[in-house]
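Take a look at the structure set out below.
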Amino acid sequence: MKSLAELQAIRDKMKDKVVLREGSGDMRVVVGMATCGIAAGARPVLNAFVEEVNKEGLDGKVTVSQTGCIGICQFEPVVEVFEAGKDKVTYVKMNPEKAKEVVEKHLKGGNIVAEYTLKDENL
């Protein structure tokens with residue numbers, strides 16, 4: 001970095017991603033990022049949620065954040081979706097492609113992707 005303007009440009013570039021993770025939207029997406037989650041691929045899942053929520057213009061409605069251990073390591077990467085007045089939805093064995101589908105169908109469309117949830121009998 002050679003100037004204050006260069007630092008400002010970096011700040012502006014990253015602002016959307018930081019605000020998205022700290023926002024106060026109607027829905028919260030929480031990705032388990034303990035050691036087991038990271039080892040299972042939670043970091044690309046978190047990044048996919050951040051990018052897709054931003055791309056779909058849901059940043060005012062959806063907050064994406066991370067947490068430590070959720071407690072179901074055998075199902076990592078685990079993602080929990082919280083929405084006011086509704087039961088928590090727990091998505092398991094996630095990957096970036098599934099994350100994109102959850103953004104499209106659940107966060108944007110309002111329909112839970114049942115085959116990726118903890119309640120599905122196919123696990």
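Nothing fancy with the numbering, it's 1 onward along the sequence.
Placement of Met94 and Val30 in two distinct hydrophobic clusters is found when ILVMFWY residues are connected by side-chain heavy-atom separations under 4.5 Å, directly or transitively.
Rounded to the nearest 0.5 Å, atoms CD1 (Ile38) and CZ (Arg43) are 4.5 Å apart.
Taking both residues in full, the closest heavy atoms of Cys36 and Cys73 are given as SG-SG, 3.4 Å, listed atom of the first, atom of the second, then distance. Pairing each heavy atom of Glu97 with each of Asn95, the nearest pair is N-OD1, 3.0 Å.
Residues meeting the side-chain contact (heavy atoms from CB on, under 4.5 Å) test with Lys55, sequence neighbours left out: Glu52. Listed by chain and number, the residues in a side-chain contact (heavy atoms from CB on, under 4.5 Å) with Ala42 are Val31, Met33, Pro77 (sequence neighbours excluded). Every residue was checked against the side-chain contact (heavy atoms from CB on, under 4.5 Å) condition with Thr35, not counting sequence neighbours, and none meets it.
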Indicate every side-chain donor-acceptor pair of residues 100-114 with a distance under 3.5 Å to a residue at least two apart or in another chain.
from   : atom 1 : to     : atom 2 : distance (Å)
Glu101 : OE1    : Tyr116 : OH     : 2.7
Glu101 : OE2    : Lys105 : NZ     : 2.8
His106 : ND1    : Tyr91  : OH     : 2.6
Lys108 : NZ     : Glu56  : OE1    : 2.7

Derivation of the side chain to side chain contact (heavy atoms under 4.5 Å, CB included) call for Thr117 and Val89 = CA-CA 7 Å; Thr117 65; Val89 177; 3.9 Å; yes
Steps toward side chain to side chain contact (heavy atoms under 4.5 Å, CB included) verdict (Val64, Leu46) | CA-CA 8 Å; Val64 180; Leu46 175 68; 3.7 Å; yes
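Counting heavy atoms from C-beta outward, Thr90 and Ile72 have side chains that approach closer than 4.5 Å. Side-chain atoms of Val45 and Val79, non-hydrogen and from C-beta on, do get closer than 4.5 Å to each other.
For residues 63-82, the salt bridge (charged side-chain N to carboxylate O under 4.0 Å, His left out) pairs, not counting sequence neighbours, are Glu80-Lys88.
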